[in-house]
2 protein chains.
Amino acid sequence: MTVMSSIDQRVSLAVSTVIFALRPHPDSGLMTLWLPLVRRIREPYEGQWALPGGPLEAHEDLAASARSTLDRTTGLAPNYLEQLYAFGNVDRSPGDRVVSIVYWALVRQDEVARAVDGENVEWFVADDLPPLAFDHTAIVDYALARLRAKITYTPIAHAFLPPEFTLADLRAVHEAVLRTTLDPANFRRQALATKTLVPTGTCLQGTSHRPPALYRFEAGATSPAPEEQR
Amino acid sequence: MTVMSSIDQRVSLAVSTVIFALRPHPDSGLMTLWLPLVRRIREPYEGQWALPGGPLEAHEDLAASARSTLDRTTGLAPNYLEQLYAFGNVDRSPGDRVVSIVYWALVRQDEVARAVDGENVEWFVADDLPPLAFDHTAIVDYALARLRAKITYTPIAHAFLPPEFTLADLRAVHEAVLRTTLDPANFRRQALATKTLVPTGTCLQGTSHRPPALYRFEAGATSPAPEEQR
DNA sequence: TGACCTTAAAGTCACCCCAACCTTAAGTCA
DNA sequence: TGACTTAAGGTTGGGGTGACTTTAAGGTCA
């Protein structure tokens, strides 16, 4: 989509998405944040890695555009999707001007359709990325900061988890995202204090220790932004 | 600025700004949030009030566009400016599609140039607005929520104040924005704990009581967003 | 079967922050 | 001088948090 300004200069309007998933780190084996990137097949930055996205279609809402990008890239619907920021500085792209409305999404790694992970899509460790095209490195940094800030005060961790999970699972998500260790007892106390966790009444069996209780997230516990709220 | 999509449907890219200032309420006399609106002189919503803004010029950064709107509307530069959200649902505007990147700004009422407050610009009490064009009522509500949330954990109140001020002045800003009364002693303690206040060493004279100390804000205490940070 | 392992779950304690409240300070005004 | 007003600082009790301990409930293996 190309914009004709009053002085006949072109502006493109694109929607890109920072897609996060958790997967073990190849070296340490610790759970780490990963995100998919797309190799550019055109100038500028041909051959470089960039955030998945595309031009805004005239008939599509902004979030819908992010969703379809997500579907093309990972083959699935997001468990969490929120607008990050609109990047539009004049000099952020050589040649025609591009305004990018960037979303960030959380998905479960085990749900990612393997088929799409070929060709020009590849997953990378979020904190150890190659040089990216445009200002995408700064965008990812900003998205990482938002994710790490937001997981501490909103229940978005569930987007990385199956419907039922243990408190250890939940804690592992927090530890992976925040790159720290958390005291199990204190984490439990403050997690249960949020009132967003509902015990299923059942316990996880088959562990070689005391079976942990399973929990479910309270429905409708997330509320990202104005337009997505419906 | 008009966008030509692949199927020849038009999309406009606009930048609007929610501009806040503090001024006494006409009835109660209490300090209240006000914002300027512009009367639409064209369809759609002709005659209705709308947020100030305009099409994005191809040579202008997003924040620069917000700044120039601010200048046209109030005749001054913002003391605080931050991107709020990009609103772009297909149905938010009848006729051609409009994607609006909305900023919010804080200014000092006493700095507003009276000249521009004529014609089609008028200031309204932020919590008691007439019906607005498009989805602008929802946008203002969102901006109000952001302002009220952010003033509680970041030092943006200084944007409403002159360079030197008393703790009572600062508290009055918080009380006006949050529409509450705050305990003076506790407010003092937590304001000073932020380390963003620097005592000037002087006191305000001419009061009919104990003269209050004057403070100044630590330089560079605000950090809104990625692109504005430079 | 029982010692031993692991993690779950609950409890303890000291500390910090905060709301509510009180006391003293330092001016003006009648 | 006394009354009044707000500034500025102090006190106290409660809630939340971090660090830590204790008990519970399984499995594993000699």
Side-chain angles (χ1 to χ4, degrees), chain A residues 24 29-31 148-155 157-158 161-162 164-217, chain B residues 24 29-31 148-155 157-158 161-162 164-217:
Chain A
L30 295 171
M31 276 302 224
R148 286 177 171 138
K150 201 143 190 177
I151 203 174
T152 63
Y153 62 88
T154 56
H158 80 282
L161 291 170
E164 297 194 357
F165 52 88
T166 67
L167 282 173
D169 295 333
L170 183 62
R171 180 166 48 89
V173 169
H174 282 252
E175 290 180 337
V177 169
L178 298 174
R179 294 182 296 183
T180 37
T181 57
L182 300 169
D183 183 272
N186 293 334
F187 180 82
R188 155 186 310 274
R189 183 161 30 93
Q190 101 182 44
L192 294 178
T194 63
K195 308 285 184 188
T196 57
L197 292 179
V198 182
T200 64
T202 59
C203 288
L204 180 64
Q205 304 296 337
T207 58
S208 71
H209 54 273
R210 173 171 176 174
L214 286 172
Y215 291 86
R216 192 186 296 278
F217 260 97
Chain B
L30 294 171
M31 276 302 223
R148 287 178 172 138
K150 201 145 191 176
I151 204 175
T152 63
Y153 63 88
T154 58
H158 80 282
L161 291 170
E164 298 195 357
F165 52 88
T166 68
L167 282 173
D169 295 334
L170 183 63
R171 180 166 49 88
V173 169
H174 282 251
E175 289 181 336
V177 169
L178 299 174
R179 294 181 296 181
T180 37
T181 57
L182 300 169
D183 183 273
N186 294 334
F187 180 82
R188 155 188 309 276
R189 181 165 31 83
Q190 98 184 45
L192 295 178
T194 62
K195 308 285 184 189
T196 56
L197 291 179
V198 182
T200 64
T202 58
C203 288
L204 179 65
Q205 304 296 340
T207 59
S208 73
H209 55 275
R210 175 173 175 173
L214 287 172
Y215 291 86
R216 191 185 296 277
F217 259 95

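Throughout, protein chains are lettered first and strands after them, A, B, ... in sequence-line order, and every chain is numbered starting at 1. Keep in mind that this is a model prediction, so the values were computed, not measured.
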Write out a two-atom table: protein N or O, nucleotide N or O from nucleotides 18-21 of chain C, distance below 3.5 Å.
from   : atom 1 : to       : atom 2 : distance (Å)
C:dA19 : N7     : B:Arg189 : NH2    : 3.1
C:dA20 : N7     : B:Asn186 : OD1    : 3.3
C:dA20 : N7     : B:Asn186 : ND2    : 2.8
C:dA20 : N6     : B:Asn186 : OD1    : 3.2

Looking only at heavy atoms, what is the nearest atom pair of [X] and [Y], with distance?
X	Y	answer
A:His174	A:Leu182	CB-CD1, 3.7 Å
A:Val173	A:Ala157	CG1-CB, 3.7 Å
A:Arg148	A:Leu178	O-CD2, 3.6 Å

How long is the line joining [atom1] of [X] and [atom2] of [N], in whole Å?
X	N	atom1	atom2	value
B:Phe187	C:dC17	CZ	C1'	17 Å
A:Lys195	D:dG16	NZ	P	10 Å
B:Leu182	D:dT6	CG	P	16 Å
A:His174	D:dG18	NE2	P	13 Å
B:Arg188	D:dT11	CZ	P	16 Å

Calculate, to the nearest 0.5 Å, the distance between atoms [atom1] and [atom2] belonging to [X] and [Y] respectively.
X	Y	atom1	atom2	answer
B:Leu30	B:Glu175	CG	CD	9.5 Å
A:Thr194	A:Tyr153	OG1	OH	15.0 Å
B:Arg189	B:Leu167	CZ	CG	13.0 Å
A:Tyr215	A:Asp169	OH	CG	12.0 Å

**Request:** Taking only the side-chain heavy atoms of A:Ala168 (C-beta and beyond), determine which of C:dA8, C:dG27, D:dA8 contains the nearest atom.
**Result:** C:dA8
**Asked** Can you tell me if A:Gln205 uses its side chain to pair, donor with acceptor, with the backbone of A:Pro211 under 3.5 Å?
**Response** no
**Asked** Taking DNA chain D as the partner, which of residues 197-210 of chain A come within under 4.0 angstrom of it by heavy atom?
**Response** A:Thr207, A:Ser208, A:His209, A:Arg210
